[in-house]
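Heavy-atom basis, side chains included; hydrogens, waters and symmetry copies ignored.
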Amino acid sequence: MSLAINLARSVPARSDLHVVGVTAEMSKAGVADLDAALLAGAGFEGGVGQSAYSSGPRGPVLAVGLGAAADVDTAGLRAVGAAITRAARKHKRISVDVLTPVPDEIPIVDAAQALVEGLVLGSYEFVEHKSTKDASALTNVTLVGTGGARVTRGIERGLAIAGAVNTARDFVNEPGGTLTPTVFARRTAALAKEHGLAAKIMDAAAIKRARLGGVLGVNRGSEQQPRFVELAYRPRGAKRHIALVGKGITFDAGGLSIKTGAGMMTMKCDMGGGAAVIGAMVAIAQLAPKVRVTAYVPMTDNMLGGDATRPGDVLRIRNGKTVEVLNTDAEGRLILADALSLASEAKPDAIVDLATLTGACMVALGPRYAGVMGTDAAWTAEILAAGGRTNE
């Protein structure tokens with residue numbers, strides 16, 4: 001679903017629902033045009049993302065909590081945006097006055113961006129394969145308030161980033177039987193064309209000529225042909241070059257070191273690193289930073305065909321290193337070795353490698369945190385700092 005978001009100084013006449021942001025303090029003091037008794041009866045106290053319907057002079061009003069005024073931040077505004085689109089999914093057009101009570105300490109462009117990210121991310125649904133599609137009716141959101149160009153800039157940034165995240169979500173949610181490496185590469189090429197990125201797609205023959213032994217070794221047990229995708233963003237005047245590498249295992253059965261049935265249940269998601277990298281490139285093309293960025297995504301599934309790589313087989317990676325495979329379910333590092341080798345040959349200033357690489361990370365950190373490792377302490381610190389700024 002595509003969500004259109006714009007800015008207006010007043011509530012549009014065609015709005016089906018008006019949404020008002022309410023801090024915890026405002027909830028206690030009462031808000032004009034909101035039925036205090038109705039909100040109190042619903043247990044509404046202005047907590048972050050808490051919502052309750054009320055009546056207003058123009059029709060229904062949805063009160064959404066912002067939390068305590070002193071604690072309002074971009075992470076909270078993102079959560080508020082998601083709460084709004086989930087609560088308002090039966091309405092086609094809504095107006096949202098949430099930015100008005102945001103403290104001046106938060107730049108309005110950042111507040112608008114976070115709110116829009118939440119609105120778009122919260123509206124996400126994947127109903128492609130459902131026989132009954134109970135999709136959200138919401139298509140238009142009008143942010144009500146002042147701020148002009150700054151708010152508009154925040155809206156544009158929020159739409160670009162959240163839309164790219166949802167692109168990655170679509171890839172991850174697609175079953176491995178339909179998102180084959182060929183389809184994954186074709187859809188990526190279409191996105192590259194749409195957003196003005198240069199794309200290079202290697203088929204099996206090109207992968208063999210490029211000596212990508214890790215990709216070829218993992219692919220041996222599959223009836224699906226592998227692909228290797230390079231995307232390039234090259235702005236004029238760029239003085240820095242960053243490489244993004246993403247794992248693109250479209251389904252991981254474990255190879256001959258087969259996973260358990262339960263272990264395969266989420267293995268359509270094993271291309272999440274590649275999806276994240278492709279989504280990042282889509283966002284980068286729209287945000288237009290003055291940095292050259294190249295993405296490398298190897299694509300294959302890991303199956304158990306008659307000529308699958310056996311434990312004990314030796315593969316030769318792009319850089320000439322040989323690898324003895326003792327467990328074929330350690331396939332991610334094999335295809336990433338090829339991708340990292342290619343990325344290194346381009347001599348970028350830095351490389352970021354994203355992968356759903358091993359369940360051991362979840363054993364160590366739990367299911368909600370990503371593990372971050374690096375060979376350069378300063379660069380790793382920059383990545384962590386960026387994660388902090390974006391609430392990742």
Side-chain angles (χ1 to χ4, degrees), residues 1-12 14-23 48-51 62-67 72-89 91-125 135-170 195 276 279-280 282-289 386-392:
M1 181 196 73
S2 177
L3 195 63
I5 302 178
N6 63 288
L7 174 67
R9 287 183 173 272
S10 59
V11 179
R14 297 182 66 190
S15 176
D16 302 325
L17 174 70
H18 186 50
V19 182
V20 177
V22 180
T23 64
V48 177
Q50 187 182 20
S51 64
L62 180 70
V64 177
L66 303 180
V72 174
D73 58 13
T74 53
L77 288 170
R78 195 176 289 108
V80 166
I84 290 170
T85 45
R86 288 168 183 161
R89 65 189 308 275
H91 302 273
K92 186 174 182 179
R93 299 179 182 87
I94 67 172
S95 53
V96 177
D97 185 0
V98 163
L99 298 177
T100 301
V102 172
D104 293 338
E105 290 77 15
I106 302 176
I108 191 66
V109 63
D110 295 342
Q113 177 183 331
L115 178 63
V116 169
E117 286 176 6
L119 289 166
V120 176
L121 295 174
S123 69
Y124 178 79
E125 298 173 308
S136 172
L138 185 60
T139 58
N140 292 84
V141 177
T142 299
L143 301 188
V144 178
T146 58
R150 291 176 298 160
V151 172
T152 299
R153 189 163 67 251
I155 291 172
E156 292 172 350
R157 287 180 61 86
L159 286 171
I161 292 170
V165 172
N166 284 346
T167 293
R169 285 171 161 178
D170 282 343
H195 295 284
V282 167
I284 286 166
Q286 297 173 79
L287 299 176
R389 289 193 299 272
T390 54
N391 309 115
E392 287 284 351

How far apart are the closest heavy atoms of G118 and T85, and which atoms are they? O-OG1, 4.1 Å

For D73 and G76, indicate whether the former's side chain and the latter's backbone hold a donor-acceptor pair under 3.5 Å. yes

For G145 and L7, work out which heavy atoms get closest and say how close. O-CD1, 3.8 Å

With no hydrogens and no angle check, is any side-chain donor or acceptor of D16 less than 3.5 Å from a backbone partner on R93? yes

Measure the spacing between CG of L66 and CG of L99 and express it to the nearest 0.5 Å. 9.5 Å

Measure the CD1-CG distance between I94 and L119 for me, rounded to the nearest 0.5 Å. 6.5 Å

Is a side-chain donor or acceptor of R78 paired with a backbone partner of L121 at a separation under 3.5 angstrom? no

Heavy-atom pair with the smallest gap, counting every atom of A386 and T390: O-OG1, 2.9 Å

Please round to the nearest 0.5 Å and tell me the distance separating atom NE2 of H91 and atom CG of N140. 14.0 Å

Considering all heavy atoms, the nearest A88-L17 contact: CB-CD2, 3.8 Å

May I ask you to decide if S15's main-chain N or O and S95's side chain share a donor-acceptor pair within less than 3.5 Å? no

The reported gap from CG in L159 to CD1 in I5 (rounded to nearest 0.5 angstrom) is 5.0 Å

Only counting residues at least two apart or in another chain, list the ones meeting side-chain contact (heavy atoms from CB on, under 4.5 Å) with T74. I106, D110, A114, N391

Min side-chain heavy-atom separation I161-V120 under 4.5 Å: no

Considering only distance and modelled atom types, tabulate donor-acceptor pairs under 3.5 Å from the side chains of residues 148-158, sequence neighbours left out.
residue: T152; atom: OG1; partner: G148; partner atom: O; Å: 3.1
residue: R157; atom: NE; partner: Q113; partner atom: OE1; Å: 3.0

In Å and rounded to the nearest 0.5 Å, what is the CZ to OG1 distance from R9 to T142? 14.5 Å

Do L143 and V116 have side chains that approach each other closer than 4.5 Å (heavy atoms only, starting at C-beta)? yes

Do Y124 and D170 make a side-chain contact, defined as non-hydrogen atoms from C-beta onward lying under 4.5 Å apart? yes

Is there a donor-acceptor pair closer than 3.5 Å between any side-chain N or O of S136 and the backbone N or O of R89? yes

Testing V96, V19, I84 one by one against V141 for a side-chain contact (heavy atoms from CB on, under 4.5 Å), which residue passes? V96

For V102 against A111, the heavy-atom pair lying closest together: CG1-CB, 4.2 Å

Where do A283 and A164 come nearest, in terms of heavy atoms and distance? CB-CB, 3.7 Å

